[in-house]
Amino acid sequence: MPNRSLRRGAAALATLAAAVLTGGLAAAPAHADGPVLRVNVVSDDVTLPLPANPDDPAQISWGLDKEGTQVAKDVHIVFDLSGIADFATTTLNCPHEGAVYTCDRGDIDDPGNSGGIVPLLPDADAAVGTTGTVTISGTAANGQVVGTTVKVTAGSPELEISPSGKRDGVKPGSTIPEQLTIGNNGSGPADGVTLRLRTTPGLTFDASDGTFSNCAYGPAGNQGGFLTREAVCHIDTVVEPGKLYRLSAPVGVAVGTDALYEVFDYGVTRGNGTTTGDGKGPLLSLVETTSGAVTDLTYGQESITADNTADLVAVGDSAQGAPGDTVKVTASLHDDGPGWVGFEGSDNQIALMVNIPEGTKAVGVPDECQPFEIDGPAQPALGKPRYICQVYPHVVTSGSTYDFTFELKIDKDAYDTTGSARATTVYDTTSDLTFDPDHGNDTASIAIDVTGRGTAPSGGGSSSPTAGPTTSASATATASGNAPEAQSGGSSVLASTGSSGVPLFAGAGAAALALGGALFLAVRRRRAGV
């Protein structure tokens with residue numbers, strides 16, 4: 001079972017990274033030409049878990065914003081804990097008189113690293129629901145500090161949500177009624193919750209079942225590309241300790257005609273009870289229940305596999321040139337649908353293997369293409385015999401074509417020659433393409449007609465066998481996203497790595513992705529046998 005203290009600590013760090021800092025008291029007039037520092041806090045409503053855990057205390061996370069170009073001189077920040085002194089203490093390491101702590105911050109030019117935390121621990125006899133206020137203020141020798149206040153309450157909710165599940169064989173065009181259970185394993189009530197629901201490209205929130213008026217619907221803003229839509233629901237139901245609650249109505253998730261490997265992503269946090277949203281249906285609330293299961297996590301993902309296929313098609317090209325010439329050829333990957341393809345939680349994404357025609361040398365390679373060695377992609381380099389080309393973000397959309405243009409220099413003694421393009425995965429494990437009903441179009445030729453040379457003499461030359469169509473696919477889309485300059489010409493699509501080699505949605509590593517838009521680096525882990 002995950003360690004609750006570690007979870008709470010991780011949640012605090014995630015909140016610190018993603019929250020919109022709130023700040024405080026009305027501003028006093030500034031010195032005519034002096035700097036103004038404003039105290040901001042991650043949350044102005046802090047709860048203290050009971051009993052106290054000295055290894056994982058609650059905290060006030062604070063920072064500073066500065067107005068004006070001058071350096072703020074001799075800055076002191078004052079934390080007045082008198083309002084909570086009868087039920088809580090702090091281990092803040094600053095000089096203090098009674099419950100008033102004064103921290104010397106020196107001179108401040110860039111306030112970005114001038115914040116900190118105030119750890120708070122409830123007394124052993126603190127009563128649940130006891131509240132008080134911490135006042136934060138300060139001084140600067142040549143300016144002023146605008147402070148703020150923080151409400152502190154003894155007793156902290158510990159929200160939990162349903163365990164993640166898995167659905168297989170879901171029919172495109174159907175609607176999944178998602179019903180979630182929320183619990184509170186803490187020592188205090190949650191005065192409302194915020195429910196964040198997100199989906200991958202093949203899923204939408206079903207308008208036929210009615211959206212909810214206290215939910216805001218829109219793009220997920222997930223920088224990894226897989227989670228594309230979200231609903232953020234502010235529910236004002238009070239969640240009492242030791243009780244379970246279910247949604248007042250299931251959330252309808254519609255399965256699109258392009259669905260294949262999907263995820264329904266969900267999480268719950270303490271909310272402010274705000275009920276505003278843009279849905280047209282009734283309010284979504286929580287109803288107390290005695291059935292249902294929860295984990296000790298606030299986050300989960302349901303893996304959904306649709307009863308669907310996706311036909312990957314390789315598209316080749318041809319060019320003509322004399323020995324010594326440099327020619328351009330474009331190898332393409334097309335998804336003929338109906339499903340889109342992307343493997344959440346995996347670095348073994350859909351890719352195109354390009355075998356350079358013998359007798360030519362790659363002198364210009366798209367940035368999204370890497371040399372393919374025995375164990376997979378290698379460092380970017382020119383002149384290699386084959387390259388693996390990826391789409392970024394790793395969402396291969398139904399009906400779209402992704403182009404990879406190479407510049408090839410023809411050897412002085414080359415004859416007519418042929419290479420190939422083949423639909424595969426980053427680590428060339430075609431066993432992961434079981435969703436593809438037609439492997440006859442997975443390979444296409446890249447042909448170079450060498451002027452004046454013709455076919456190589458019998459028993460030698462530079463011709464390579466290949467198979468498959470060379471015609472262009474019907475629909476073309478340019479892969480989007482910011483990328484570095486190509487090595488020499490070509491398109492601009494980035495590769496990325498994940499945390500597993502399993503071509504199904506794998507869970508919380510992207511959560512990370514997931515909440516608030518924060519970035520992280522995952523260590524690539526190869527699957528056994530690949």
Which label fits Tyr266 and Phe264: parallel for a plane angle under 30°, tilted from 30 to 60°, or perpendicular past 60°? tilted
Distance only, no hydrogens: is a donor on one side chain within 3.5 Å (strictly under) of an acceptor on the other, for Asn348 and Thr425? yes
Start with the C-alpha gap between Thr330 and Thr405, add the side-chain angles, then the distance that decides, and say whether side chain to side chain donor-acceptor pair (under 3.5 Å) holds. CA-CA 4 Å; Thr330 298; Thr405 299; 2.8 Å; yes
Please check this pair: side chain of Arg229 against backbone of Pro201, looking for a donor-acceptor N/O pair closer than 3.5 Å. yes
Residues at least two apart in sequence or cross-chain that pass side chain to side chain contact (heavy atoms under 4.5 Å, CB included) with Pro385, listed by chain then number, are none
For a quick check under 3.5 Å, do Ser398 and Asp335 share a side-chain donor-acceptor pair by atom type? no
Determine whether the side chains of Glu262 and Thr200 contain a donor N or O and an acceptor N or O closer than 3.5 Å. yes
Side-chain donor or acceptor of Asp325 paired with backbone N/O of Ala322 under 3.5 Å: yes
Least distance between heavy atoms, Ile182 atom then Val294 atom: C-CG1, 4.1 Å
Heavy-atom pair with the smallest gap, counting every atom of Tyr299 and Ile161: N-CG2, 3.7 Å
Donor-acceptor pair, side chain of Lys66 and main chain of Gly68, under 3.5 angstrom: yes
Does the gap between the ring centers of Tyr261 and Phe343 come in under 6.0 Å? yes
Between Asn355 (side chain only) and Gly419 (backbone N and O only), is there a donor and an acceptor less than 3.5 Å apart? no
Please check this pair: side chain of Asp278 against backbone of Tyr217, looking for a donor-acceptor N/O pair closer than 3.5 Å. yes
Between Ile117 and Pro119, which heavy-atom pair has the shortest distance, and what is it? O-CD, 3.7 Å
Backbone of Leu159 reached by a side-chain donor or acceptor of Arg270 within 3.5 Å: no
Does Ser318 form a side chain to side chain donor-acceptor pair (under 3.5 Å) with Asp449? I'd like the steps, not just the answer. CA-CA 8 Å; Ser318 62; Asp449 180 0; over 6 Å; no
So disulfide bond (SG atoms under 2.5 Å apart) across residues 386-435, not counting sequence neighbours, yields Cys369-Cys389
I'd like to know if the side chain of Gln370 and the backbone of Ala378 have a donor-acceptor N/O pair within less than 3.5 Å. yes
State whether the side chain of Thr429 and the backbone N or O of Ser431 hold a donor-acceptor pair below 3.5 Å, judged by distance alone. no
Can the positive tip of Arg386 be found less than 6.0 Å from the middle of the six-membered ring of Phe372, inside 45° of the ring normal? no
Considering all heavy atoms of both residues, which atom of Thr443 and which atom of Ser420 are nearest to each other, and what is their separation? CG2-CB, 4.2 Å
is_close_aromatic(Phe404, Tyr387), centroid dist under 6.0 Å: no
Heavy-atom nearest pair, Leu247 first then Val251, reads CD1-CG2, 3.9 Å
Under a 3.5 Å distance rule, please check whether Arg167 uses its side chain to pair with a backbone N or O of Glu302 as donor and acceptor. no
Would you call Asp428 and Arg422 a salt bridge, taking side-chain N to carboxylate O under 4.0 Å as the test? yes
If every non-hydrogen atom of Ala314 is compared with every non-hydrogen atom of Leu352, which pair is closest and at what distance? CB-CD1, 4.1 Å
For His334 and Val315, indicate whether the former's side chain and the latter's backbone hold a donor-acceptor pair under 3.5 Å. no
Verify the distance criterion only: is there a donor paired with an acceptor across the side chains of Thr309 and Asp436 at less than 3.5 Å? no
